Number of protein chains: 2
Amino acid sequence: MANASAGRSALSRHLRILSAFNADSAFLTLTQLSRRAGLPLASTHRLVTELESHGLLERNEDKTYRLGVRLWELACCTPGALGLREIAMPYLQDVHAVVGQHTQLGILEGTDVLFLERLSKRNAVVNATLIGGRLPLHASSSGLVLLAHMPSAFVDQIVNDGLFSYTNHTIRSLSELTATLSEIRSRGFVVADGYIHPDARGIAVPVFGANQVVVAAISVVVPNDETPWEATRDILRRAAQQMSLALRSAYLPPRHPQALPGGRYRPLVNSSVKSMEYLGSTARRYSAVPTPRD
Amino acid sequence: MANASAGRSALSRHLRILSAFNADSAFLTLTQLSRRAGLPLASTHRLVTELESHGLLERNEDKTYRLGVRLWELACCTPGALGLREIAMPYLQDVHAVVGQHTQLGILEGTDVLFLERLSKRNAVVNATLIGGRLPLHASSSGLVLLAHMPSAFVDQIVNDGLFSYTNHTIRSLSELTATLSEIRSRGFVVADGYIHPDARGIAVPVFGANQVVVAAISVVVPNDETPWEATRDILRRAAQQMSLALRSAYLPPRHPQALPGGRYRPLVNSSVKSMEYLGSTARRYSAVPTPRD
DNA sequence: TGAATACTTCCGTTCATCGGAATAGTTGCT
DNA sequence: AGCAACTATTCCGATGAACGGAAGTATTCA
């Protein structure tokens, strides 16, 4: 193709457009897309038109665009995430029925927790996570559980990449982190008080797949008050045990020993994309105050 | 690009690869992908490598490919489908808790029902649907409810496109269909006995959004026996009412008056793709016996 | 009504994409 | 082990699809 100034291939352009959407801004105009994707308007127009013709984008009456259901349909065949989700769901529902607070299922993706499912009550405490949302490993209860079972080189990288602080309870040093992680390994759970929001407490336990590999974490978010958490932890533990049992009889592709191609672990999004200022979603999604811009 | 023999653009090639996966075959080798997508092996290799680098595909240890979680992540920002799903979930869970059988949420997509969510019990009766799966409108209880609120031109097209018969109870004529649809409009629900599987009964009711437009259907699949279904229907009705109420206060992009660009309604997948024999998934997914091939 | 902003179409240039062919790796059979 | 059949990967020159500046059209707002 001609003068491909921006992101190399056609695919990366298309993805740059699709990635411009996030939970905060699900409706974008052509111009916004163009700016967010860092592509010329004319090119954006052409790309967007093609994406629409394939059902990856849909058009609203006010001419803004939204992501199309086609995308969702494709995603439904993802075995890595959705196989796990399918199997885990019934148990997650059980936990939710008893605890009645945010209940979530997360996996390690790149250098974040990715939440595959979240069950909520309308009046539950505030919760930072979204389905399909990510949180840094060091700050969330689920993340810590997942991190606890990773090689130390991986932990080091997380620390080097910077430990974002949501509150003044968020873990902010390597020593604090390694202490917490070894405690998790010996005790088999974690209670994170106010790491992300002062009023929220996260409780998480690991879910094991075949040959004792940690494949996911389940967690609940409850108010950060004097309520004892032991009962909740035990419920989580029992659910996780059941899930592990169910998982053992199902084939799921191993995701955890995360390939490290050039010695480094793969970051959450393609580095080429990650580094682009205009994409912004990744870095910004972590900040306490979400600032959607065009 | 050079000698672009097959599907026009780069995007359509990429999509052809991604679409080669379905629930029955979530793991495919390069050669299988090449065959299914109808693309030269070398090209497939190149495309697949790029898709992998963007996280849209992932590689298994045995060198087969699977769809990547990135896809799922993107899909999580789809407001059309997922906004609805988010809002509907709690009520769907309530229904499921009481009924204890397959409970599902479906929307009209192209000329099919697309199921956004399904809650099941391990020991529930057989059920043809999958999350992200489709069923023809005339054959499923959800589909009939959705179809009942569409213009007659749309119904005609469905009939002209052919009414696939799963069992000898499946609706197979225009007259039968229009009779059923008008009954649905006056009664506000449908009971479909053995339309898809002789032992399964579907019960469905419509979910209304703003200004009384039908945006979805919720349904349960129960055994097709002498058990009275009135109680179940009433539970569904009440849940649908609650959903409609919740939906009224949320903005959801209107999906239903389905744009008809050239007089015809848009078929489920790009016509260019649909007509390709080698893709096969669409047509085949409807047949009683799923026949996954390379 | 006029100006600013957003969207769409046009079209000549160009380089990323294309895929045949050759090479390397794997599996299974005798 | 040796061979055959299959699968995956790399190479590379030709070429036309994708590129985006610019000009035209529609919409919004004061």
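Chain letters run A, B, ... following the sequence lines, proteins first and then strands; every chain starts at 1. Just so we're clear, the structure is a prediction, and the values are computed from it rather than from any experiment.
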*asked:* From CG of B:Leu11 over to P of D:dC19, roughly how many Å is that when rounded to an integer?
replied: 11 Å

_Please check: side-chain N/O of B:Ser34 versus main-chain N/O of B:Leu39, any donor-acceptor pairing under 3.5 Å?_
yes

_Atom pair distance, as rounded to whole Å: CG in B:Leu51 and C1' in C:dT17_ = 14 Å

*Ignoring backbone atoms, establish whether B:Arg46 has a side-chain N or O less than 4.0 Å from OP1 or OP2 of C:dC18.*
yes

*When you measure from the side chain of A:Leu30, which nucleotide among C:dC7, C:dA21, C:dT9 comes out closest?*
C:dC7

*Hey, is A:Arg134 close enough to B:Glu73 for a salt bridge, meaning N to O under 4.0 Å?*
yes

*Expressed in angstrom and rounded to an integer, what is the separation of A:Lys63 atom NZ from D:dT25 atom P?*
15 Å

*Is it true that the side chains of B:Arg35 and B:Thr44 contain a donor and an acceptor less than 3.5 Å apart?*
no

_Closest nucleotide among C:dT9, C:dC18, D:dT9 to the B:Arg59 side chain_ = D:dT9

*Starting at atom NE2 of B:His45, determine the distance to atom P of C:dA24, rounded to an integer number of angstrom.*
15 Å

*In whole angstrom, give the distance that lies between atom OH of B:Tyr65 and atom C1' of D:dA8.*
8 Å

*Are B:Arg85 and A:Glu117 ion-paired here, with the side-chain N under 4.0 Å from a carboxylate O?*
yes

*B:Leu33 CG to D:dT7 P: how many Å, rounded?*
13 Å

*asked:* Which nucleotide wins on minimum distance to the side chain of A:Arg35, given the candidates D:dA8, D:dC19, C:dA6?
replied: C:dA6

*CZ of A:Arg13 versus C1' of D:dA17: gap in Å, rounded?*
12 Å

_Using a heavy-atom cut-off of 4.0 Å across all strands, would you classify A:Leu41 as base, sugar-phosphate, or nothing?_
base

*Mind calculating the distance between CZ (A:Arg16) and P (D:dG20) to the nearest angstrom?*
10 Å

*Short question: side chain of B:Ser152, backbone of B:Val155 - any donor-acceptor pair under 3.5 Å?*
no

*Out of C:dG19, C:dT9, C:dC18, which has the shortest distance to the side chain of B:Ser43?*
C:dG19

*asked:* By the 4.0 Å heavy-atom rule, please label A:Thr49 as base, sugar-phosphate, or nothing.
replied: nothing

